[in-house]
Trainee: 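Here's a structure for you.
All values below come from the heavy atoms of this structure, side chains included, with hydrogens, waters and symmetry mates left out. Note that this is a predicted model, so its numbers are computed, not measured.
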Amino acid sequence: MEDMQSVPLVVPRNFKLICELFGIAVPAFIQLFLDHYSFMDQNFTDNSSYNLVTRAIRFIDDKFKLGTDPLPSKLDKVEKERGVKLIQRQVKLGLNRNYSTTERRNRGRVITGQIYDILSKGRKMKDIIYLDENTCFKLSKDLLLTCILNNTHPSRYINSMMKLVSIPDYLAELHLDEGEYNPILGFIIRVHDGYGNINNLQYRNSARFKNFIMEIQELNKRYFFYRGLEKRVAVYQEWLDDFLENRAEDNIL
């Protein structure tokens, strides 16, 4: 992508583990996440998964300070004025309670495409990004528009999303009722509960998955006296490493 620095997509161990242990294929989750980003959803709040992923992108921006160096504009006066009017239309649509949030999202997506067509002028935009030679992801105009505005390559958003997912961190914050709400984890928990229909149902019905869930249910009692968040994350990480090692030795995993 012109003027935007790409980085290789790298799947961190903790992200790979949470997907594996929840019975979710890594590529399937990444594509589902990308498909649910909605530029329009910045203008209203609901409980949808689209809104959740949109908040997740803002969460990534805040955590990694992305989007702090926007690209210089390549638009002429007429294009700038049209872009401003389209953004104003989208904001007005977002506030219009005569439409459901789903209808506002669908109508707003059309405006997003029009804004993208203006801002992508003169840029070599690709709507495909590769994890490896056999795996690629389709990028929406919603995400590409945000990348243009923030001068941030999509690869950085995908890598950052994966870095912010961890079973030990999630469980420690949940059990201690501490930490900042992480919408990325919120989305992956929805997927764990069946959203998107990308779960491996055979695995989810297996003894290995049930054993994993039973272990999780015992963690808070087992490590109750570790009340500090940092220490709890550390002991949960040790538990996870031991759990995986024992499963490997038993040829369960």
Side-chain angles (χ1 to χ4, degrees), residues 10-26 28-30 32-33 36 45-65 157-250 252-253:
V10 178
V11 181
R13 178 176 182 268
N14 275 336
F15 180 78
K16 183 178 180 181
L17 284 178
I18 199 170
C19 288
E20 181 179 305
L21 292 169
F22 282 178
I24 303 167
V26 168
F29 178 82
I30 293 175
L32 190 69
F33 182 89
H36 279 73
T45 299
D46 65 8
N47 293 321
S48 70
S49 294
Y50 291 94
N51 210 263
L52 187 58
V53 171
T54 303
R55 281 183 274 139
I57 293 295
R58 292 201 299 268
F59 182 74
I60 292 169
D61 277 330
D62 292 341
K63 283 291 184 181
F64 294 99
K65 308 303 178 186
Y157 277 115
I158 297 172
N159 279 342
S160 297
M161 178 272 289
M162 292 189 288
K163 289 177 182 176
L164 291 172
V165 173
S166 162
I167 287 180
D169 285 271
Y170 163 67
L171 292 175
E173 292 176 2
L174 177 68
H175 292 160
L176 294 175
D177 195 22
E178 291 186 23
E180 183 179 12
Y181 174 67
N182 184 338
I184 303 169
L185 281 169
F187 185 67
I188 203 170
I189 294 305
R190 286 192 184 187
V191 175
H192 165 269
D193 291 338
Y195 183 82
N197 297 315
I198 62 172
N199 291 332
N200 182 335
L201 296 181
Q202 182 177 357
Y203 165 73
R204 294 292 294 272
N205 291 321
S206 68
R208 68 179 70 174
F209 178 73
K210 293 175 181 178
N211 184 36
F212 172 60
I213 296 301
M214 289 178 61
E215 283 283 325
I216 286 179
Q217 292 172 344
E218 293 295 319
L219 281 181
N220 195 26
K221 296 177 182 178
R222 189 182 307 170
Y223 299 108
F224 179 80
F225 292 104
Y226 293 95
R227 305 309 299 171
L229 181 60
E230 185 175 342
K231 182 60 178 178
R232 185 69 74 96
V233 170
V235 296
Y236 281 3
Q237 187 66 62
E238 292 177 5
W239 157 78
L240 182 60
D241 291 339
D242 289 342
F243 179 75
L244 292 172
E245 183 178 349
N246 290 335
R247 284 168 56 137
E249 289 177 354
D250 294 337
I252 298 178
L253 188 60

Trainee: In Å and rounded to the nearest 0.5 Å, what is the CD to CG distance from Gln237 to Asp242?
Mentor: 10.5 Å
Trainee: What are the two closest non-hydrogen atoms of Cys19 and Val26, and how far apart are they?
Mentor: CB-CG2, 3.9 Å
Trainee: With a 3.5 Å distance limit and no angle check, can you tell me whether Asn200 reaches the backbone of Gln202 through a side-chain donor-acceptor pair?
Mentor: yes
Trainee: Report, as yes or no, whether the 6.0 Å neighbourhood of atom CG on Asp193 holds more than 12 heavy atoms from other residues, nucleotides or ligands.
Mentor: yes
Trainee: On a heavy-atom basis, which atom in Pro183 and which in Ala56 lie closest, and how many Å separate them?
Mentor: CG-CA, 3.5 Å
Trainee: State the CD1-CG distance between Ile198 and Leu32, to the nearest 0.5 angstrom.
Mentor: 5.0 Å
Trainee: Does a donor on one side chain and an acceptor on the other come within less than 3.5 Å for His175 and Tyr223?
Mentor: no
Trainee: Report the residues that fulfil ring-ring contact (aromatic ring centres under 6.0 Å, His included) with Phe59, sequence neighbours left out, ordered by chain and then residue number.
Mentor: none
Trainee: More than 12 heavy atoms of other residues, nucleotides or ligands under 6.0 Å from OH of Tyr226: is that the case?
Mentor: no
Trainee: Can you measure from OH (Tyr170) to CD1 (Ile216) and round to the nearest 0.5 angstrom?
Mentor: 8.0 Å
Trainee: Phe22: which residues meet the side chain to side chain contact (heavy atoms under 4.5 Å, CB included) condition with it, sequence neighbours left out?
Mentor: Ile18, Ile24, Ile189, His192, Phe212
Trainee: Which value, rounded to the nearest 0.5 Å, describes the distance between Thr54 atom OG1 and Arg58 atom CZ?
Mentor: 7.0 Å
Trainee: Looking at side-chain heavy atoms only, is the closest gap between Leu229 and Val233 below 4.5 Å?
Mentor: yes
Trainee: Output all residues satisfying salt bridge (charged side-chain N to carboxylate O under 4.0 Å, His left out) with Asp46, sequence neighbours left out; order by chain, then residue number.
Mentor: Arg105
Trainee: When you compare the side chain of Val191 with that of Phe33, does any pair of heavy atoms fall below 4.5 Å?
Mentor: no
Trainee: Please report, to 0.1 Å, the donor-acceptor pairs under 3.5 Å made by any side chain of residues 160-167, with sequence neighbours excluded.
Mentor:
{"residue": "Ser160", "atom": "OG", "partner": "Arg156", "partner atom": "O", "Å": "2.7"}
{"residue": "Ser166", "atom": "OG", "partner": "Asp169", "partner atom": "N", "Å": "3.4"}
{"residue": "Ser166", "atom": "OG", "partner": "Asp169", "partner atom": "OD2", "Å": "2.9"}

Trainee: Could you list the residues that satisfy side chain to side chain contact (heavy atoms under 4.5 Å, CB included) with Arg227, not counting sequence neighbours?
Mentor: Leu176, Phe224, Arg232
Trainee: Say you draw a straight line from CG of Leu185 to CD1 of Ile188; how long is it, rounded to the nearest 0.5 Å?
Mentor: 7.0 Å
Trainee: Go through Lys210 and Ile213 one step at a time and tell me if the side-chain contact (heavy atoms from CB on, under 4.5 Å) criterion holds.
Mentor: CA-CA 5 Å; Lys210 293 175 181 178; Ile213 296 301; 5.7 Å; no
Trainee: Can you name the nearest heavy-atom pair linking Asn182 to Ile184, along with the distance?
Mentor: OD1-N, 2.9 Å
Trainee: Can you tell me how far apart CG (Leu219) and OH (Tyr236) are? Round to the nearest 0.5 Å.
Mentor: 5.0 Å
Trainee: Can you tell if the side chain of Phe209 reaches within under 4.5 Å of the side chain of Asn205, non-hydrogen atoms only?
Mentor: no
Trainee: Check the angle between the aromatic planes of Phe187 and His36 and answer parallel, tilted or perpendicular using the 30° and 60° thresholds.
Mentor: tilted
Trainee: According to side-chain hydrogen bond (donor to acceptor under 3.5 Å, both in side chains), who are the partners of Glu180, at least two apart in sequence or on a separate chain?
Mentor: Lys63
